[in-house]
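I have placed the structure first, in the form of structure tokens, so that the comments after it can refer back to it.
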2 protein chains.
Amino acid sequence: MEFQVTFQVNQKIFLRNPESSEVGRHIVKSAIDLIFELGFEHFTFKKLAVEVGTTEATVYRYFENKHRLLLYILNWYWSYMEFLVMFRLQNVTDNHVKLKTIIELLTHDLPESAGRLDYNKKYLNQIVISESSKVYFVKEVKEINKDEVFKPYKDLCSKIAGVISAYNPDYSYPRSLSSTLIETAHYQQFFSSYLPKLTDITSENHKEFTAVFLENLLFRVLG
Amino acid sequence: MEFQVTFQVNQKIFLRNPESSEVGRHIVKSAIDLIFELGFEHFTFKKLAVEVGTTEATVYRYFENKHRLLLYILNWYWSYMEFLVMFRLQNVTDNHVKLKTIIELLTHDLPESAGRLDYNKKYLNQIVISESSKVYFVKEVKEINKDEVFKPYKDLCSKIAGVISAYNPDYSYPRSLSSTLIETAHYQQFFSSYLPKLTDITSENHKEFTAVFLENLLFRVLG
DNA sequence: TCTATAATAATAGTATTACTATCATAAAAT
DNA sequence: ATTTTATGATAGTAATACTATTATTATAGA
């Protein structure tokens, strides 16, 4: 059986829906490759246009600027992650197993999807780790937030918080703990790769180290 | 009694020591004001030069680029924070009190120092919260790290990890927990201010909320 | 099949950013 | 008194982050 999962990303993030055309899809796919390769600071629409084989003007018809494009990519990621959490928790009754599954999902690459959108999942994962904080740590966050562009992140956070509360209804900070899990999953992987003295990593398996650290933390906190 | 605490910031961060001249000190002070006001992305050396009443060329004689200047500010912050931790833990024997003091320091504005450097502590604190991750979430992190520019961060992390281990010698991840405390102190404050649905804040006191959340988390983790 | 309507390519242009270079002058050190 | 050093003034360049115009192509509807 073949099936496709699609999410409608918030209209306000793009000027023209990139999923509606070949060029549009190519733009997002190449953006993921380029942001991974160059880092967000060195990534430009000019370079992207060259990579796609189109012009800057065309890219600008889809996205207002590179910040919005990154936001688009992350919205896609957060939505997909929320779907994966929901999907993988289907029919699981044990809340302990649920939380372990969530940590596994947060700390490992996305599974390859069969769909039309074959984004490079390794690159996407690295972008989420290294670049995602740049979409909210900006002076304009209040303005941007009004467009509800962080809704998928909040939904994901909320879903995980729900499981936390189910596991321990007396715990007072399910949302903060949930966002802490998500963020910590990112920078502990980053730190263990590039600034290992900020962590206790011993082997080379950054994802596994992060998962084990988070699991330990989570279940100590929740009892 | 008047006294001054100074830290020698790593030579490799600057081209000319900004503390060695009036203009240099003015540059750093104004940089803190401007980065706070504009956000790091909109902050430029041109704007800084105008603010200081000097030229771009002069600013470039002190710092290679704005990334290095931010790094300088954070090195100063991390060093000062490590000093404060050391200072405030003097003569405290109870490890529980030590950890509470550390969380208090991590989540609140720096105390005003009597010294020559009267950086705006409120602005500095906001910069640490919103901009600090931008110094390491860059493609060049490996190269930059070779200059030991993250040493003060690692030292601070290590100092806190030491207290964690003293409190609970059996805990396996003192460094990771330490960096998690530091980072979480930042973005829980940020989230509770701008994206409150990612947290469990109820009042308006972001610093207090973050402190209480972190304390709860820390002592549950360490038992 | 013709025609209206999008979307794109090609091209140009602007303001700002992120620098580098030169040279004269002022201040500090020897 | 003279050398060194820092700064100011000025200029200039390549890249970035856009906006605008027009011709061409693809598509969808009549």
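Model, not experiment: these values are computed from the prediction. Proteins get letters first, then strands, A, B, ... in listed order; numbering begins at 1 in each.
- Of the side-chain N and O atoms in B:R16, one or more sit less than 4.0 angstrom from OP1 or OP2 of D:dT7.
- A straight line from CD of A:E41 to P of C:dC19 spans 13 Å, rounded to a whole angstrom.
- In this structure, the CG atom of A:L69 is 12 Å from the P atom of D:dC18, given to the nearest Å.
- If you check C:dA10, C:dT17, D:dT7 against the side chain of A:T55, the one that comes closest is C:dA10.
- Rounded to whole Å, the distance from CG on A:L48 to P on D:dA17 is 12 Å.
- Phosphate contact (OP1/OP2 of C:dA21, side-chain N/O of B:Y60, threshold under 4.0 Å): absent.
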Requested in this report: Assess whether side chain to side chain contact (heavy atoms under 4.5 Å, CB included) is satisfied between B:T107 and B:F209, documenting all intermediate values.
Outcome: CA-CA 9 Å; B:T107 52; B:F209 165 74; over 6 Å; no
Distance-only donor-acceptor pairs under 3.5 Å for side chains of residues 127-141 of chain A, two or more places apart:
from   : atom 1 : to     : atom 2 : distance (Å)
A:S130 : OG     : A:Q126 : O      : 3.4
A:E131 : OE1    : A:K134 : NZ     : 2.5
A:E131 : OE2    : A:F40  : N      : 3.4
A:S132 : OG     : A:V128 : O      : 2.7
A:K134 : NZ     : A:E41  : OE1    : 3.2
A:K134 : NZ     : A:E41  : OE2    : 3.1
A:K134 : NZ     : B:F137 : O      : 2.6
A:Y136 : OH     : A:E183 : OE1    : 2.8
A:Y136 : OH     : A:E183 : OE2    : 2.8
A:K139 : NZ     : B:F36  : O      : 2.5
A:E140 : OE2    : B:H42  : NE2    : 2.4

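- The nearest whole Å value for the distance from the CD atom in A:E22 to the P atom in C:dA9 is 12 Å.
- Of the candidate nucleotides D:dA17, C:dT17, D:dA20, D:dA20 has the atom lying nearest to any side-chain atom of A:A57.
- In this structure, A:R61 and A:H42 both approach DNA chain D, and ranking their closest nucleotides by distance from the 5' end singles out A:H42.
- The shortest distance between the side-chain N/O atoms of B:K47 and the OP1/OP2 oxygens of C:dT17 is below 4.0 Å.
- Residue-level contact check: A:Y62 touches the backbone only, with heavy atoms under 4.0 Å from sugar-phosphate atoms and none from bases.
- Contact check, A:S21 against C:dT8: a side-chain N or O comes under 4.0 Å of OP1 or OP2.
- The separation between A:F45 atom CZ and C:dA9 atom C1' is 18 Å, rounded to whole Å.
- A:K46 comes within 4.0 angstrom of no nucleic acid atom, judged by non-hydrogen atoms across all strands.
- Atom CD1 of B:I27 and atom P of D:dT7 are 8 Å apart (whole Å).
- Under the 3.5 Å distance criterion, the side-chain polar atoms of B:N75 are left unmatched by any main-chain donor or acceptor of B:P152.
- Residue A:H26 contributes atom NE2, which lies 13 Å from atom P of C:dT8 at whole-angstrom precision.
- Going from atom CG of A:N65 over to atom C1' of C:dA15 covers 16 Å, rounded to whole Å.
- For A:T58, no side-chain nitrogen or oxygen approaches OP1 or OP2 of C:dT8 to under 4.0 Å.
- Side chains of A:N145 and A:K154: a donor-acceptor N/O pair is present below 3.5 angstrom, by distance only.
- Counting all heavy atoms, side chain and backbone alike, A:L69 lies closest to A:A31 at CD2-CB, 3.7 Å.
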